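Below is one structure; the comments refer to it alone.
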Amino acid sequence: MYALLFDGAFVDRVALRQHAREEITNSELIQACGAGDRAAVRALLEGFWPFVTAFEKAIDQQVSRLPIRPLIEKFGQDRVRNFFSEARKAVHEMHEEEGSHAELWRESAHQTGASLDGSVPSEGVETLLRNSQARDPVQFFCWLAGTEYIAEELATFLCAQKPFLDLFPGKKWLWGDAHIEVHEGPSHLEIDEDLARAYHPAADDEVARTSLFDKIRHCQRLFAEAAADVMRLNYARAADV
């Protein structure tokens with residue numbers, strides 16, 4: 001099991017979670033989904049599919065190129081040797097889980113009549129895709145963390161909206177349920193932030209803390225911008241189905 005390098009939260013998770021919740025609840029697209037607007041749900045599923053399916057591949061690529069030298073310089077070779085093996089396993093497990101989540105997203109599309117074939121990313125979703133492919137491990141793990149905050153808050157919000165759940169068999173959104181489940185051991189969010197902190201080059205904790213917070217917050221904002229793009233570009237098409 002992955003053992004965190006650092007004890008306790010480093011960034012202000014309460015503030016970041018609140019920011020993510022605000023981005024979700026202030027989104028016209030997500031509000032329409034919560035109200036049971038089938039066209040909005042189709043737009044959500046179709047519009048974000050290019051990111052959902054590419055995100056899994058981005059994690060897989062990162063597993064193969066995680067640098068070990070910065071960690072050895074910071075923590076010493078003996079400590080890093082075992083840790084790095086576990087870190088790779090943890091990121092690989094994230095990749096596998098994102099693959100299963102992508103299948104749940106596809107199933108949601110099938111259940112609501114959304115068409116994922118030929119989904120072309122909007123400009124906002126394209127920006128998300130570019131950032132998810134960051135080669136810098138600090139940027140990448142902050143991106144994973146920001147995505148996790150958004151996914152958890154999206155799931156929490158929509159899984160509490162009866163008109164939305166009424167659109168699915170058994171009144172359950174399986175993708176959302178998968179993001180609300182409590183996992184054994186450190187959460188993906190804790191692992192993401194732990195690795196982002198480990199790779200950050202700043203010796204000053206406050207400099208590193210501010211940097212990680214800002215990068216994660218930036219990711220959250222871009223999701224909100226992408227949602228606005230999807231509402232503008234995908235909603236009308238979904239409504240015509």
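Bear in mind that the values here come from a model prediction, so they are computed numbers and not experimental data.
- No continuous path of ILVMFWY side-chain contacts below 4.5 Å connects Val120 to Leu45, so the two sit in separate hydrophobic clusters.
- Under the 3.5 Å distance criterion, the side-chain polar atoms of Lys74 are matched with a main-chain donor or acceptor of Ala198.
- In this structure, the side chains of Lys172 and Leu165 stay at 4.5 Å or more apart for every pair of heavy atoms.
- Here the side chain of Thr147 pairs a donor or acceptor atom with the backbone of Trp143 at under 3.5 angstrom.
- Taken together through direct or relayed side-chain contacts under 4.5 Å among Ile, Leu, Val, Met, Phe, Trp and Tyr, Val138 and Phe6 form part of one hydrophobic cluster.
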Next on the checklist: Please evaluate residues Glu193 and Arg209 with respect to the criterion salt bridge (charged side-chain N to carboxylate O under 4.0 Å, His left out), reporting the C-alpha separation (whole Å), side-chain torsions for both, the decisive distance (0.1 Å), and the verdict.
Outcome noted: CA-CA 10 Å; Glu193 292 179 356; Arg209 193 190 324 276; over 6 Å; no

Ignoring hydrogens and angles, write down the donor-acceptor pairs under 3.5 Å from the side chains of residues 109-118, residues two or more places apart or on other chains.
| from | atom 1 | to | atom 2 | distance (Å) |
| --- | --- | --- | --- | --- |
| Gln111 | NE2 | Glu107 | OE2 | 3.3 |
| Thr112 | OG1 | Ser108 | O | 2.9 |
| Thr112 | OG1 | Ala109 | O | 3.4 |

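- A donor-acceptor pair under 3.5 Å is absent between the side-chain atoms of Gln161 and the main chain of Ala35, judged by distance alone.
- In this structure, Glu28 places its CD atom where only 12 or fewer heavy-atom neighbours from other residues, nucleotides or ligands lie under 6.0 Å away.
- Put simply, the side chain of Ser211 never gets that close to the backbone of Ala208: no donor and acceptor are under 3.5 Å apart.
- Ala155 and Gly176 make their closest contact through CB-O, 3.3 Å (heavy atoms, listed as atom of the first residue, atom of the second, distance).
- From Leu154, atom CG reaches atom CD1 of Ile24 across 4.5 Å, with rounding to the nearest 0.5 Å.
- Heavy-atom neighbours of Asp204 CG from other residues, nucleotides or ligands within 6.0 Å: above the threshold of 12.
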Next on the checklist: Quick one, Arg13 with Tyr149, criterion side chain to side chain contact (heavy atoms under 4.5 Å, CB included). Give me CA distance, side-chain angles, the key distance, then yes/no.
Outcome noted: CA-CA 9 Å; Arg13 290 180 184 156; Tyr149 277 110; 3.1 Å; yes

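- Side-chain atoms of Asp37 never come within 3.5 Å of backbone atoms of Cys33 as a donor-acceptor pair (strictly under, hydrogens ignored).
- Leu233 and Trp49 fall into different hydrophobic clusters, where Ile, Leu, Val, Met, Phe, Trp and Tyr are joined by side-chain heavy atoms under 4.5 Å apart, directly or via other members.
- Using cut-offs of 30° and 60° on the angle between ring planes, the pair Phe48 and Phe223 is parallel.
- Aromatic ring pairs are classed by plane angle as parallel below 30°, tilted from 30° to 60° and perpendicular above 60°; the pair Phe141 and Tyr199 is parallel.
- Between the side chain of Asp194 and the main chain of Glu190, no donor-acceptor pair closer than 3.5 Å is present.
- Looking at heavy atoms from C-beta onward, Gln18 lies out of side-chain contact with Val14 at the 4.5 angstrom threshold.
- Within the 4.5 Å cutoff, side-chain heavy atoms of Thr25 are placed close to those of Gln31.
- Rounding to the nearest 0.5 angstrom, the gap separating the CG atom in Asp229 from the CD atom in Glu126 is 11.0 Å.
- Between Leu129 and Ala54, the shortest heavy-atom contact is CD2-CB, 3.4 Å.
- The line from CD of Gln77 to CD1 of Ile72 is 5.0 Å long, rounded to the nearest 0.5 Å.
- At a threshold of 4.0 Å, the pair Arg21-Glu152 does not count as salt-bridged, since none of the basic side-chain nitrogens sits closer than that to a carboxylate oxygen.
- Aromatic pair His101/Trp105: centroids not less than 6.0 angstrom apart.
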Next on the checklist: Please determine whether salt bridge (charged side-chain N to carboxylate O under 4.0 Å, His left out) holds for the pair Arg17 and Glu153, giving the CA-CA distance in whole Å, both sets of side-chain angles, and the decisive distance to 0.1 Å.
Outcome noted: CA-CA 8 Å; Arg17 188 165 297 284; Glu153 291 306 314; 2.9 Å; yes

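- Annotation: side chain of Pro137 is in contact with side chain of Pro67 (closest heavy-atom distance under 4.5 Å).
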